[in-house]
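Heads up, the thing below is written out as structure tokens.
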Amino acid sequence: MTWRFDVCVVGSANLDLVATTDRLPGPGETVLGSSYTEHAGGKGLNQAVAAARAGARTTFCGAVGDDDAARRLLAVIADDGIDASALRLLPNAATGRALIGVSAAGENSIIVVAGANRELTESDVSAIATSARVLLVQLEVPVATVRAALSAARAAGVTTILNPAPAMTLSSEILALCDVVIPNEHEVEILGGVAELLRLGARAVVVTLGARGAKLCTSGADDVVVAAFAVESVDTTAAGDAFCGGFAAELAAGASLAGALRFAAATGALATTRAGAVPSLPTRPEIDALLTRPG
Ligand code: ADP
């Protein structure tokens, strides 16, 4: 089977609007901000950029409005050479936005307005989900759309990966369509634990453990644990997205689950060494350099 792409990501794209302030406002309160930036975000788009920079021929399928925010996101998608032929541009919807306040103490408060992301339908995703060797999805678009993508991919022999974020209770129908489920520690607890995910039908579960690394769990085999790579971490934003994109890219390149786990841990670690989400995502040469670093 020849695939048009290595990795297809079906998921969300947002413009993140980030204001920093001494302290976050309470209800009814106005505070002065000290700086303001806008950048591309959304788990779907972040993970597509991560996969592309990790060397995968990547296509991204999501939904945006017909507005300036969408044009900004399209520029990011083009910059990383990501195929956008299945991206929906919806004339009557607003591109998703995340309004993020960050205090001097590093706390944040976030309002996500899903907008066009909520309009991504089952028929938008079914064909593109069969175009790549690996499908990677999250839960920031409607769950019926996620199910349709997984189902089409599974029927076509595509390897399927679900990053269950934000965490929500998932049916065995969805989990049985997943070759790999990648939650973080918090998400796996909400989902009922690794054993429950495997019982409901996931073939493998990879739990990301932040600065403690990650582990791969399958039924009937010992867990494979990878320690975190020792790096100078400055900002853990998008570490999980980097991990998922790197994992998908390496699996598409033919690696084993354990091989993809190690590659993903390196990708996640590097993303913590730079500030922000998309700007922090590492390239293939950087990942290879960390993987082959002596000691
Ligand atoms: P999320 O961002 O979804 O909560 P994690 O915090 O678990 O995800 O991070 C994802 C992966 O990134 C981890 O499994 C690990 O491999 C890597 N990582 C995260 N934080 C660090 C860190 N401080 N040092 C090295 N690697 C890290």
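Scope of the values below: all heavy atoms of this structure, side chains included, with no hydrogens, waters or symmetry mates. Indexing begins at 1, ligand by ligand and atom by atom, following the structure's order.
The distance from ligand 1 to the heavy atoms of Ala228 drops below 4.0 Å at these ligand atoms: 25 (C), 26 (N). For ligand 1 and Ser233, the ligand atoms under 4.0 Å from any heavy atom of the residue are 22 (C), 23 (N), 24 (N). Counting the atoms of ligand 1 from 1 in the order shown, those under 4.0 Å from a heavy atom of Leu209 are 7 (O), 14 (O).
One distance of note links CG of Asp179 with CZ of Arg203; it measures 5.0 Å at 0.5 Å rounding.
The protein heavy-atom contact nearest to atom 14 (O) of ligand 1 is Gly213 O, 2.7 Å. In terms of protein heavy-atom proximity, atom 25 (C) of ligand 1 is nearest to Phe229 O, 3.2 Å. At the shortest separation from atom 11 (C) of ligand 1 among protein heavy atoms lies Phe243 CD1, 3.8 Å. In terms of protein heavy atoms, atom 2 (O) of ligand 1 is closest to Gly240 N, 3.1 Å.
Backbone and side-chain nitrogen or oxygen atoms of Val231 are examined, and none is located within less than 3.5 angstrom of a nitrogen or oxygen of ligand 1. When only interatomic distances are considered, the shortest N/O to N/O separation between Asn184 and ligand 1 falls below 3.5 Å.
In the hydrophobic cluster analysis, where Ile, Leu, Val, Met, Phe, Trp and Tyr join through side-chain heavy atoms closer than 4.5 angstrom, Leu150 is grouped apart from Ile161. No continuous path of hydrophobic side-chain contacts links Leu261 to Phe229 [ILVMFWY only; heavy atoms under 4.5 Å]. Linking ILVMFWY residues whenever their side-chain heavy atoms come closer than 4.5 Å, directly or via other members, places Val137 and Val141 in the same cluster. Side-chain heavy atoms closer than 4.5 Å link hydrophobic residues (I, L, V, M, F, W, Y) into clusters, and following such links, possibly through other members, connects Val7 to Ile82.
With Leu170 as the fixed residue, the side chain to side chain contact (heavy atoms under 4.5 Å, CB included) test singles out one of Leu200, Leu162, Ile190: Leu162.
The heavy atom nearest to atom 15 (C) of ligand 1, out of those in Ala269, Ala265, Ala242, Gly210, is found in Gly210. Between the choices Ala214, Ala239, Gly268, Ala165, the shortest heavy-atom distance to atom 10 (C) of ligand 1 belongs to Ala239.
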Side-chain donor-acceptor pairs under 3.5 Å in residues 24-33, sequence neighbours left out?
residue	atom	partner	partner atom	Å
Glu29	OE1	Arg23	NH1	3.4
Glu29	OE1	Gly26	N	2.8
Glu29	OE2	Arg23	NH1	3.2
Glu29	OE2	Arg23	NH2	2.4

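Side-chain N or O atoms of Arg72 include none that pairs as donor or acceptor with a backbone N or O of Ala40 at under 3.5 Å.
Of the heavy atoms in Thr208, both backbone and side-chain atoms come closer than 4.0 Å to ligand 1.
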